[in-house]
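Contents: one structure, followed by commentary.
What you see is a predicted model; the values in this text were computed from it and never measured. Along the sequence shown, the residues carry numbers beginning at 1.
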Amino acid sequence: TRIGKVDGNSRHFDGKSIIRTCIEISEDLLDSDHPEDVDPFLNHALRLLDGKTDRWSMNRMLQIMNLKAESADSNNDPAMATQFYDEAVSIGADLRSTNRLDEPEELAMAYISKAECEYGIGMSDLSISDMKGGIDVLSELLDNNRLDDSDILQITHEKIANHMGTARE
């Protein structure tokens, strides 16, 4: 007999595994300096997540938006990266407010990276606000002994001081 088509209704279909694989491939491509190749994998993962609002799915959406933003930034499109980071911040902040955020570092990264992109395109006021959002998340992690490297908090404070100094000039 022939095996039928494998789709979302098949007992052989594991959407979570496919989503994880798409994310891992995208991370590997970004680490290998091939940001131009990640979109098909991230878009496939997004299609599989479409309409899902459970905790696991929303945390994967946060990861994917961060990866799409990183890809856009690596492809020299900071305006598009800012849009993806904005979506990541929105998802992450919602997850955080409902105690469903699995990896607060993902939210902190979204805030800080968004701030860096905004700063690069001359949006200093928004950049400072987002940098403060990142510091808030990192400080909470530090207070709960969940921050592996406290140097990141110091570096982020230095960046915000630099941005504030530049914004005043």
Side-chain angles (χ1 to χ4, degrees), residues 19-20 22-47 49-50 53 57-98 100-142 146-169:
I19 292 165
R20 279 191 295 270
C22 287
I23 289 171
E24 289 168 5
I25 290 169
S26 298
E27 289 170 339
D28 289 344
L29 286 167
L30 287 168
D31 289 344
S32 301
D33 295 324
H34 292 285
E36 67 281 359
D37 296 328
V38 302
D39 273 350
F41 298 100
L42 295 177
N43 291 338
H44 185 69
L46 285 173
R47 278 192 302 277
L49 288 168
D50 189 39
T53 58
S57 297
M58 294 307 294
N59 275 279
R60 297 306 70 78
M61 287 284 289
L62 170 60
Q63 267 185 297
I64 291 168
M65 288 301 119
N66 273 335
L67 291 169
K68 285 185 84 64
E70 187 178 341
S71 173
D73 195 29
S74 295
N75 284 318
N76 297 315
D77 192 349
M80 182 59 72
T82 300
Q83 290 178 16
F84 286 126
Y85 282 130
D86 191 50
E87 182 68 20
V89 165
S90 177
I91 293 167
D94 182 55
L95 289 168
R96 183 178 180 211
S97 72
T98 57
R100 298 184 311 144
L101 182 61
D102 292 340
E103 295 179 40
E105 297 86 355
E106 286 281 338
L107 176 57
M109 185 193 94
Y111 271 120
I112 294 166
S113 298
K114 180 179 179 228
E116 289 294 315
C117 287
E118 290 166 338
Y119 182 74
I121 57 177
M123 301 169 69
S124 297
D125 290 342
L126 286 174
S127 173
I128 292 167
S129 174
D130 284 322
M131 196 67 74
K132 288 178 181 177
I135 287 171
D136 182 43
V137 174
L138 292 173
S139 295
E140 185 178 306
L141 287 171
L142 183 65
R146 291 185 56 202
L147 188 62
D148 294 332
D149 181 9
S150 60
D151 289 344
I152 188 71
L153 193 55
Q154 178 185 349
I155 292 166
T156 306
H157 274 100
E158 290 170 2
K159 284 182 180 181
I160 197 170
N162 260 350
H163 291 193
M164 290 176 87
T166 305
R168 288 188 187 134
E169 294 174 1

- Task: Could you please spell out the steps behind the side-chain contact (heavy atoms from CB on, under 4.5 Å) verdict for R96 and D136?
- Result: CA-CA 12 Å; R96 183 178 180 211; D136 182 43; 3.3 Å; yes
- When rounded to the nearest 0.5 Å, the distance separating CG of L126 from CG of D86 is 9.0 Å
- Note on the structure: For A81 and A72 the tightest heavy-atom approach is N-CB, 3.7 Å
- Message: Let's go through M58 and D94 carefully: what are the C-alpha distance in whole Å and the side-chain angles of both, what is the deciding distance for side-chain contact (heavy atoms from CB on, under 4.5 Å) to 0.1 Å, and is it a yes or a no?
- Response: CA-CA 10 Å; M58 294 307 294; D94 182 55; 5.5 Å; no
- Item | side-chain contact (heavy atoms from CB on, under 4.5 Å) between L29 and F41, worked out | CA-CA 10 Å; L29 286 167; F41 298 100; 3.8 Å; yes
- Closest contact, heavy atoms only, T53 versus R100: O-NH1, 3.3 Å
- Query: Under a 4.5 Å cut-off applied to non-hydrogen side-chain atoms, are E106 and L95 in contact?
  - Reply: no
- Message: I'd like to know whether L62 forms a side-chain contact (heavy atoms from CB on, under 4.5 Å) with N66, so could you lay out the CA-CA distance, the side-chain angles of the two residues, the decisive distance to 0.1 Å, and finally the verdict.
- Response: CA-CA 6 Å; L62 170 60; N66 273 335; 4.1 Å; yes
- Non-hydrogen atoms of L138 and A108 that approach each other most closely: CD2-CB, 3.8 Å
- Message: Nearest 0.5 Å, please: how far is CG in L30 from CG in D37?
- Response: 9.5 Å
- Note on the structure: Rounded to the nearest 0.5 Å, the OG atom of S127 sits from the NZ atom of K132 at a distance of 11.0 Å
- Item | Distance, nearest 0.5 Å, that separates OG of S74 from CG of L67 | 10.5 Å
- Message: If I compare all heavy atoms of I64 with all of A45, which pair ends up nearest, and what's the gap?
- Response: CD1-CB, 3.6 Å
- Side-chain donor/acceptor of N59 to backbone N/O of D102, under 3.5 Å: yes
- Is there a side-chain contact between I121 and T82, using heavy atoms and a 4.5 Å cut-off? yes
- Find the distance between CD1 (I19) and CG (L46) and round it off to the nearest 0.5 Å. 9.0 Å
- Message: Quick check on side chain to side chain contact (heavy atoms under 4.5 Å, CB included): which of E118, E116, K114, M65 does Y85 satisfy it with?
- Response: K114
- Note on the structure: Closest non-hydrogen contact found for P104 with L101 is CA-CD2, 3.6 Å
- Decide yes or no on salt bridge (Lys or Arg N to Asp or Glu O under 4.0 Å) for E87 and K68, but give the supporting numbers first. CA-CA 10 Å; E87 182 68 20; K68 285 185 84 64; over 6 Å; no
- Grab the two heavy atoms, one from I112 and one from G134, that are nearest each other, plus how far apart they are. CG1-CA, 4.0 Å
- Query: Just wondering, do E105 and L141 contact through their side chains at under 4.5 Å, heavy atoms?
  - Reply: yes
- One should read off an interatomic distance between C22 SG and Q63 CD, to the nearest 0.5 angstrom, of 12.0 Å
